[in-house]
Amino acid sequence: QVQFVESGGGLVQPGGSLRLSCAASGMIFSRYGMGWYRQTPGKQRELVARISSGFNTNYADSVQGRFTISRDNAKNTVYLQMNSLKPEDTAVYYCNVPFDTRFNWGQGTQVTISS
C-alpha cells in the first residue's frame, strides 16, 4: 500500500523558515505529481503547493513567493521550503497526490508559527 510520511515541522517565530519532507513508498513515485496540503481545526484541507511529474510547480496565493516545492525522485521524497513564515501558516501539513482518492493521508507534521 502507498504510504506518506511527513516530517520537519516544529515551532518557529514569525519570519523564520522550515523545510518539510515527505517520504513516499509503495508507488512508482516519479510517475506522479505531488502536493502539499495544510489543515487547521474547523477549516478544510487546503492545497498550498503542487509539483508535477515534469517538475512544473503551482502555489496557492497565500504562500506564493514564500514557499517552494521540490522533489527528489531518487529519494522518493517531496519537500516544502517555507520562508517568511506567518502565524496564519500554522497548520498540520500533509503530502499526497493531488485529487487522487486512491491514496490515504499520512499523519502530517505540525507547523506552529508563534512569538
Side-chain angles (χ1 to χ4, degrees):
Q1 64 282 348
V2 174
Q3 186 176 17
F4 303 114
V5 180
E6 300 92 347
S7 62
L11 174 65
V12 67
Q13 294 183 353
S17 297
L18 283 173
R19 190 179 75 154
L20 308 183
S21 298
C22 168
S25 61
M27 64 189 295
I28 304 176
F29 179 78
S30 61
R31 295 183 180 179
Y32 294 89
M34 292 294 299
W36 280 99
Y37 295 77
R38 66 187 182 189
Q39 188 170 38
T40 56
K43 290 182 59 181
Q44 281 194 285
R45 188 176 282 113
E46 174 191 19
L47 179 62
V48 299
R50 60 193 300 182
I51 183 167
S52 73
S53 60
F55 298 91
N56 292 319
T57 60
N58 292 100
Y59 302 92
D61 289 343
S62 57
V63 308
Q64 181 73 49
R66 300 187 297 118
F67 291 10
T68 303
I69 189 171
S70 61
R71 66 191 297 161
D72 186 339
N73 289 341
K75 297 180 179 179
N76 283 10
T77 300
V78 61
Y79 304 95
L80 187 67
Q81 179 66 48
M82 309 165 65
N83 298 327
S84 302
L85 285 162
K86 304 175 180 180
E88 49 263 49
D89 296 319
T90 295
V92 179
Y93 284 73
Y94 302 87
C95 62
N96 211 320
V97 180
F99 313 113
D100 193 332
T101 59
R102 293 178 295 172
F103 307 124
N104 292 324
W105 300 94
Q107 290 186 281
T109 186
Q110 176 71 49
V111 171
T112 302
I113 314 303
S114 177
S115 298

Q) Ser62 and Glu46: side chain to side chain contact (heavy atoms under 4.5 Å, CB included), yes or no, with the steps? A) CA-CA 10 Å; Ser62 57; Glu46 174 191 19; 3.3 Å; yes

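Taking OG1 from Thr112 and CG from Asp89, the interatomic distance works out to 11.0 Å, rounded to the nearest 0.5 Å. Once rounded to the nearest 0.5 Å, the distance linking OG1 of Thr77 with CG of Leu20 reads 12.5 Å. We find the CZ-CE distance between Phe29 and Met34 to be 5.0 Å, quoted to the nearest 0.5 Å. For the atom pair CZ (Phe55) and CG (Asn73), the distance works out to 4.5 Å, reported to the nearest 0.5 Å. In this structure, CD in Gln13 is found 6.0 Å from OG in Ser115, a value given to the nearest 0.5 Å. Note that CE of Met82 and CD1 of Ile113 are 6.0 Å apart. Values are rounded to the nearest 0.5 Å.
When all heavy atoms of Gln110 and Thr90 are compared, the pair lying nearest together is NE2-CG2, 4.1 Å. Closest of all the heavy-atom pairs between Glu6 and Cys95 is OE2-N, 3.0 Å. Considering all non-hydrogen atoms of both residues, Val63 and Arg38 come closest at CG1-NH1, 3.8 Å. Closest of all the heavy-atom pairs between Ser17 and Asn83 is OG-OD1, 2.9 Å. The two atoms that bring Arg71 and Ile51 nearest to each other are NH1-O, 3.7 Å, heavy atoms only. Shown here for Gly35 and Leu47, the closest heavy-atom pair between the two residues is CA-CD1, 4.1 Å.
Two residues are said to be in side-chain contact when any heavy atoms from C-beta on lie closer than 4.5 Å; Ser25 and Asn76 fail this criterion. A 4.5 Å side-chain heavy-atom check between Gln1 and Asn104 finds every atom pair outside the cut-off.
No continuous path of hydrophobic side-chain contacts links Val97 to Val5 [ILVMFWY only; heavy atoms under 4.5 Å]. No path of Ile, Leu, Val, Met, Phe, Trp and Tyr side chains, each step under 4.5 Å between heavy atoms, connects Phe67 with Tyr79, placing them in separate hydrophobic clusters. Tracing side-chain contacts under 4.5 Å through hydrophobic residues (I, L, V, M, F, W, Y), one reaches Tyr59 starting from Val111; they form part of the same cluster.
Tyr32 pairs in a ring-ring contact (aromatic ring centres under 6.0 Å, His included) with only one of the listed residues (Phe4, Phe99, Phe103), which is Phe103. When Trp105, Tyr93, Tyr94 are each tested for a ring-ring contact (aromatic ring centres under 6.0 Å, His included) with Tyr37, only one passes: Trp105.
In this structure, Arg50 contributes its side chain and Ile69 its backbone to no donor-acceptor pair below 3.5 Å.
By the neighbour-count criterion of 12 heavy atoms within 6.0 Å, atom CD of Gln44 is sparsely surrounded, having that number or fewer from other residues, nucleotides or ligands.
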